[in-house]
Amino acid sequence: MTSYLAHLRETFMSAASSARPRPLHFAAFVMNTTGHIIQGTWRRPAARQTDFNDLEHWVRLAKTLERGKFDAVFFADVVGLYAPYRGDERKYFEAGLQVPSNDPSVLASAIAYVTEHLGIAFTASVLQEHPFNFARRVSTLDHASKGRIAWNIVTNYLPNASRNFGLEGLTRHDERYEWADEYVDVSYKLWEGSWEEDALLQDRAAGVHADFDKVHKINHEGPRYKVEGPHLVSPSPQRTPLLFQAGASEAGRTFAAKNAEAVFIQSPNLAAAARDTADIRLRAARHGRSGSDIKFFQGLYVVPGSTEAEAKQKAAELDEWIDYDAQLSHISGAIGIDFGHEDLDTPVGELKTEGVQSVVGWIKDLVPDRPATLRDVAHYTATNSRIVGTPEQIADGLARWQAAGVDGINLVNAEIPGSYEEFVDHVAPVLQRRGLMQAEYAAGTLRHKLFGRGDRLPDRHPAARYRGAFAPQRA
């Protein structure tokens with residue numbers, strides 16, 4: 001607790017004493033589907049989320065984000081259906097809730113082609129592909145984008161996804177992170193250790209394309225994988241892509257502290273953000289890394305207006321489109337507790353489902369004057385991470401998140417492209433004038449743009465131990 005309070009004091013004092021704040025980083029939080037985070041808003045007349053099958057939809061969005069100097073577009077993903085709601089998965093299909101869901105990595109090369117600076121982060125589970133082939137694909141994309149690829153490393157928490165890949169059921173929680181440990185280990189060996197830096201010669205005069213003695217097999221043998229190697233792709237601009245992670249559990253936080261360069265958080269308030277960021281930074285230090293090696297991205301969305309009253313009116317109109325039943329089904333499916341047999345106006349305190357109180361008990365504090373209901377739970381998840389106001393008020397709110405230890409914002413949308421067009425046209429200029437958002441891009445790879453320390457992972461990162469590890473020991 002002492003270290004937590006010390007961190008709070010340090011961050012708030014630093015923010016107060018700084019004449020010019022450091023820019024926040026911004027990513028657009030999207031998914032190659034219709035219904036992502038805020039359910040039901042795809043039905044609004046101006047919303048184009050239903051165009052997710054159209055490549056031009058994503059190309060236009062990428063161009064808008066780069067015009068607004070966003071650091072990256074961040075694609076979420078799942079490889080299975082959520083747990084049943086009212087006994088089956090009907091609601092997910094009827095609401096367009098993350099089904100259909102297309103592979104986001106397929107979009108990366110097209111986005112890279114039409115942009116120059118925008119980072120491209122996509123989610124991929126260790127469940128869905130052998131690490132040898134995944135490492136090859138990521139290196140190819142990193143070459144194609146000139147070093148702008150990021151990987152959001154996830155395990156899997158959906159039983160249906162496990163069965164889709166031949167497993168009997170969901171792997172136990174901590175074992176999923178043991179699996180992830182080996183998966184990234186194989187990937188690091190391929191990316192960092194298989195090819196020496198100057199192995200690719202392409203010497204036309206000598207007729208030698210690559211120096212055989214500087215390309216190495218990794219000969220990995222572990223509990224799940226045997227990979228001989230070598231990596232089939234020569235070193236890409238970043239070698240290892242920028243590494244995102246979003247685990248909030250004990251095992252997930254430890255995994256992030258060891259591996260992540262960017263952590264996506266969904267802290268419910270400023271105090272929780274300060275606590276969560278400080279905790280993972282302290283864990284990183286225990287693993288030989290620096291707290292400055294990790295950037296934290298808070299999930300938020302904004303509703304701007306020319307006046308505060310206009311913004312509140314827009315937010316109220318937006319709320320009328322939210323499908324609260326779909327919102328509740330998303331929560332149910334994610335945590336594996338089927339709330340679908342209860343009326344939305346059922347008080348939370350009357351729920352008899354095992355484990356419910358530990359999951360939604362916190363909602364009671366948000367509705368102090370009456371019993372909290374499931375509708376309140378659904379409304380909270382759709383609106384809690386929201387800042388409503390003028391661009392100046394939104395900038396004030398984002399500055400408070402920064403002071404709490406947040407380095408960036410993963411910007412949620414209610415509409416595509418409208419949510420991002422409004423932000424780029426009205427909010428970004430205010431942020432840029434205040435120094436809270438970059439006004440121009442730095443040169444280099446995504447890693448260098450975010451950290452300013454070069455294109456490759458720092459020597460403190462665990463992947464760095466494989467540099468030169470497979471070369472023959474020369475006398």
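Values below: every heavy atom of this structure, side chains too, minus hydrogens, waters and symmetry copies. Here, residue 1 is the first one in the sequence, and each next residue gets the next number.
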Participant: For the residue pair Phe132 and His231, categorise the inter-ring angle as parallel (less than 30°), tilted (30 to 60°) or perpendicular (more than 60°).
Facilitator: perpendicular
Participant: Does a salt bridge link Lys146 with Asp455, judged by any charged N lying under 4.0 Å from a carboxylate O?
Facilitator: no
Participant: I want to check a possible cation-pi pair here: Lys295 against Phe451, using under 6.0 Å from ring centre and within 45° of the ring axis as the test.
Facilitator: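 That pair qualifies as a cation-pi contact.
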Participant: Return the orientation label for the Phe74 and Phe264 ring planes: parallel under 30°, perpendicular over 60°, tilted otherwise.
Facilitator: tilted
Participant: May I ask you to say whether Glu250 pairs ionically with Arg283, meaning some side-chain N is under 4.0 Å from a carboxylate O?
Facilitator: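 Looking at Arg283 together with Glu250, the answer is yes, because their closest N to O distance falls below 4.0 Å.
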Participant: Take the angle between the ring planes of Phe134 and Tyr183 and call it parallel below 30°, perpendicular above 60°, tilted in between.
Facilitator: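 If you compare the ring of Phe134 with that of Tyr183, the planes turn out tilted.
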Participant: Should the pair Asp319-Arg386 be classified as a salt bridge under the 4.0 Å nitrogen-to-oxygen rule?
Facilitator: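 Yes, charged N to carboxylate O under 4.0 Å.
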Participant: Between Arg239 and Asp142, does at least one N-O distance fall below 4.0 Å, as a salt bridge requires?
Facilitator: no
Participant: Ignoring hydrogens and angles, state whether a donor on the side chain of His25 or Gln438 is under 3.5 Å from an acceptor on the partner side chain.
Facilitator: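 No, no side-chain donor-acceptor contact under 3.5 Å.
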Participant: Does any part of the side chain of Leu398, heavy atoms only, come nearer than 4.5 Å to the side chain of Leu24, both counted from C-beta?
Facilitator: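 With C-beta onward as the side chain, the pair touches.
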Participant: Among side-chain atoms of Thr115 and Arg148, is any donor-acceptor pair under 3.5 angstrom?
Facilitator: yes
Participant: Closer than 4.0 angstrom, basic N to acidic O: yes or no for Asp279 and Arg275?
Facilitator: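 So Asp279 does not pair with Arg275 through a salt bridge.
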Participant: Is the shortest side-chain N to carboxylate O distance from Arg176 to Asp181 below 4.0 Å?
Facilitator: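 Looking at Arg176 and Asp181, the cut-off is not met.
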Participant: Do Ser139 and Trp191 have side-chain atoms, one donor and one acceptor, less than 3.5 Å apart?
Facilitator: yes
Participant: Hey, are Glu310 and Ser306 close enough side-chain-wise for a donor-acceptor pair under 3.5 Å?
Facilitator: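 Yes, a side-chain donor-acceptor pair sits under 3.5 Å.
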Participant: Is any side-chain heavy atom of Gln238 less than 4.5 Å from a side-chain heavy atom of Leu457?
Facilitator: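 Heavy-atom side-chain distance check fails, nothing below 4.5 Å.
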Participant: How long is the gap from CH2 on Trp401 to CG on Asp396, to the nearest 0.5 Å?
Facilitator: 15.0 Å
Participant: Do Trp58 and Phe75 have ring centres separated by under 6.0 Å?
Facilitator: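 Yes - the distance between ring centres of Trp58 and Phe75 falls below the 6.0 Å cut-off.
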Participant: With the threshold set at 4.0 Å, does a side-chain nitrogen-carboxylate oxygen contact exist between Lys314 and Glu422?
Facilitator: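 Glu422 and Lys314: salt-bridged.
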Participant: Do Asn32 and Asp77 get their side chains close enough for a donor-acceptor pair, meaning under 3.5 Å?
Facilitator: no
Participant: Would a line drawn from the ring center of Tyr324 to the ring center of His379 be shorter than 6.0 Å?
Facilitator: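 Judged by ring-centre distance (under 6.0 Å), Tyr324 and His379 do meet the cut-off.
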Participant: Can you confirm whether or not the ring centre of Tyr157 sits under 6.0 Å from the ring centre of His173?
Facilitator: no
Participant: Can we say Glu197 and Arg456 salt-bridge, meaning some charged N sits less than 4.0 Å from an Asp/Glu carboxylate O?
Facilitator: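 Arg456 and Glu197: salt-bridged.
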Participant: Are Asp71 and Tyr441 close enough that a side-chain donor and a side-chain acceptor fall under 3.5 Å?
Facilitator: no
Participant: Taking the six-membered ring for Trp, are the ring centroids of Phe29 and Phe297 within less than 6.0 Å of each other?
Facilitator: no
Participant: Does the gap between the ring centers of His57 and Phe52 come in under 6.0 Å?
Facilitator: no
Participant: Using a strict cut-off of less than 4.0 Å between a Lys/Arg side-chain nitrogen and an Asp/Glu carboxylate oxygen, indicate whether Lys189 and Asp185 qualify as a salt bridge.
Facilitator: yes
Participant: Please state whether the rings of His130 and Tyr225 are parallel, tilted or perpendicular, taking 30° and 60° as the class boundaries.
Facilitator: perpendicular
Participant: With no hydrogens and no angle check, do the side chains of Ser125 and Asn156 hold a donor and an acceptor under 3.5 Å apart?
Facilitator: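 Per modelled atom types, Ser125 and Asn156 side chains form no pair under 3.5 Å.
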Participant: Does Glu192 come within less than 4.0 Å of Arg465, counting only side-chain N to carboxylate O?
Facilitator: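 Looking at Arg465 together with Glu192, the answer is no, because their closest N to O distance does not fall below 4.0 Å.
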Participant: Under 3.5 Å, is there a donor on one side chain and an acceptor on the other for Asn413 and Ser419?
Facilitator: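 Side-chain D/A pair, Asn413 to Ser419: absent.
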Participant: Measure the acute angle between the ring planes of Tyr466 and Phe470, then classify it against the limits of 30° and 60° as parallel, tilted or perpendicular.
Facilitator: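 Rings of Tyr466 and Phe470: parallel, as their planes differ by under 30°.
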Participant: Taking the side chain as every heavy atom from C-beta outward, state whether Asp459 and Arg467 have any pair of such atoms under 4.5 Å apart.
Facilitator: yes
